Protein chains: 2
Amino acid sequence: MTDDPPLRADARHNRDKILAAAEDIFLERGAAVSMNEVARHAGVGIGTLYRRFPTREDLLAAAYSDRFAAFAEGMRLRAEEADPLSVLRTYLEELVRHTVVYRGFATSLGIVLKTGTAGCIATTAVGQRLLQTARDAGRVRADLGFDDLVCVATAISLTVEQGEGAPARIAHLVSVFMEGIAVRPPGPAAS
Amino acid sequence: MTDDPPLRADARHNRDKILAAAEDIFLERGAAVSMNEVARHAGVGIGTLYRRFPTREDLLAAAYSDRFAAFAEGMRLRAEEADPLSVLRTYLEELVRHTVVYRGFATSLGIVLKTGTAGCIATTAVGQRLLQTARDAGRVRADLGFDDLVCVATAISLTVEQGEGAPARIAHLVSVFMEGIAVRPPGPAAS
DNA sequence: TAGGTAAGTGGAGCAACTCTCCACTTACAG
DNA sequence: CTGTAAGTGGAGAGTTGCTCCACTTACCTA
């Protein structure tokens, strides 16, 4: 969409330093770490940081871009699988798994996905496509939107973060969302 | 649990002023408003506010206590109704409805419910009881805990907040979680 | 009714944060 | 080599959350 003018060599170098430092420090101290600290850790001035990444979400999105791009590509390859519900479940589980990599990232997920980073665009696009496929196959309620999926991923990430044992809990909560709370009435088992 | 010593008359009066101001200002500006502003609006010093409510969650919980207490009492009266699923659905809907009263409260719901306020204790207790009843009747997944319900309520509150038209959307999302995302296999319609 | 005292008060002040602005520096095209 | 547009860093303004403590006051006791 926006093809920004190419960066000068020194600027590009600083950008890389910032991203490397952000990755480090977000992993270690969570996504709410102060911008000053990121700048100091990267060895650049605070002004430089803000010039390149005007908001925290921009920085988070950039730091996540590769991760999200790889995730989206992986899901794209599975998009044509036989069972669209199972692919959708995997998508949700993975999205949460990536979200909880940085502690405190969950609350920003919705905003970050809208920043327009390559990885975020790809993640959104493939998610919408998986949902559409499942909907077309009549396997998913017609009134379910992609925003609902993001909402669910956010909530699960939030609880997983502030609770203890993670991976099993993610699968469990995704399953609650997929299968519902109520027990299915015992009918003829359809495939 | 903790039966704190009774407050002096002036302290009690200030506490009431703070709660009234908090209610006002949370309604108008959301749950993230600054503590300074709450104190100013209440006409007390910031020190007084912090002495009485050491954390924002404590203040939120206190401001919500009456609301939650009334809600819990209402649900308690319906606990013996014939259909435990329908009561549980109502519980979820109401919990969300109360949560979205203050914009930005959703993310704190889990923490606030654990603060030990009378209303919060009652709300938790009645929710656990409704869930237990539904579980005993085999109408709800056996692996579903109260924390999961809170997680669901958080998720719904989050999307409702940032979306538009509210009450229908709440009912819709609650239904998504109650019945699941997947379309039911077309079988003989069980009641 | 007075007086001692523990409880309560308010706000100055500190530390930490976000973000802007601009005087200086530097890469690079011509 | 040089002009200049792009880039830099950090001082500083404006907000917060929260503490601390010199003062004030309600309430018990005699």
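Source: prediction; values computed, not measured. Chain letters run A, B, ... following the sequence lines, proteins first and then strands; every chain starts at 1.
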Nucleotide [N], atom [atom2] - distance to [atom1] of [X] in whole Å:
X: A:N14; N: D:dG7; atom1: CG; atom2: C1'; value: 9 Å
X: A:M35; N: C:dT20; atom1: CE; atom2: C1'; value: 14 Å
X: A:R40; N: C:dA16; atom1: CZ; atom2: P; value: 10 Å
X: A:L49; N: D:dG7; atom1: CG; atom2: C1'; value: 14 Å
X: A:R52; N: C:dT18; atom1: CZ; atom2: C1'; value: 19 Å
X: B:N36; N: C:dC17; atom1: CG; atom2: P; value: 18 Å
X: A:H13; N: D:dG9; atom1: NE2; atom2: C1'; value: 16 Å
X: B:D58; N: D:dC18; atom1: CG; atom2: C1'; value: 14 Å

Position toward the 5' end of DNA chain D (nearest nucleotide), A:A11 or B:D10: A:A11
B:L7 or B:T55, whichever maps to the more 5' nucleotide of DNA chain D: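 In this pair, the answer is B:T55.
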5′-ward residue of the pair A:A9/B:R12 relative to DNA chain C: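 The 5'-side residue here is B:R12.
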Please determine, for the side chain of [X], which listed nucleotide ([options]) has the closest atom?
X: B:R8; options: D:dA26, D:dG10, C:dT9; result: D:dA26
X: B:V44; options: C:dT20, D:dG17, C:dG10; result: C:dG10
X: B:I46; options: C:dG8, D:dG7, C:dG11; result: C:dG11

Under 4.0 Å, counting only non-hydrogen atoms across every strand here, what does A:T48 touch: a base, just sugar-phosphate, or nothing?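 Result for A:T48 = base.
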How is B:R51 classified with respect to the nucleic acid when contacts are heavy atoms under 4.0 Å: base, sugar-phosphate, or nothing? base
In terms of ring plane angle, is the pair A:F71 and A:H98 parallel, tilted or perpendicular, where the classes change at 30° and 60°? tilted
Parallel, tilted or perpendicular: which one describes the rings of B:F105 and B:Y102, with boundaries at 30° and 60°? perpendicular
So, B:T55 side chain and B:D58 main chain: donor-acceptor pair closer than 3.5 Å or not? yes
So, the side chain of A:Y91 versus the backbone of A:V126: is there a donor-acceptor pair under 3.5 Å, distance only? no
Hydrogens and angles aside, do B:T133 and B:R139 bring a side-chain donor and acceptor to less than 3.5 Å of each other? no
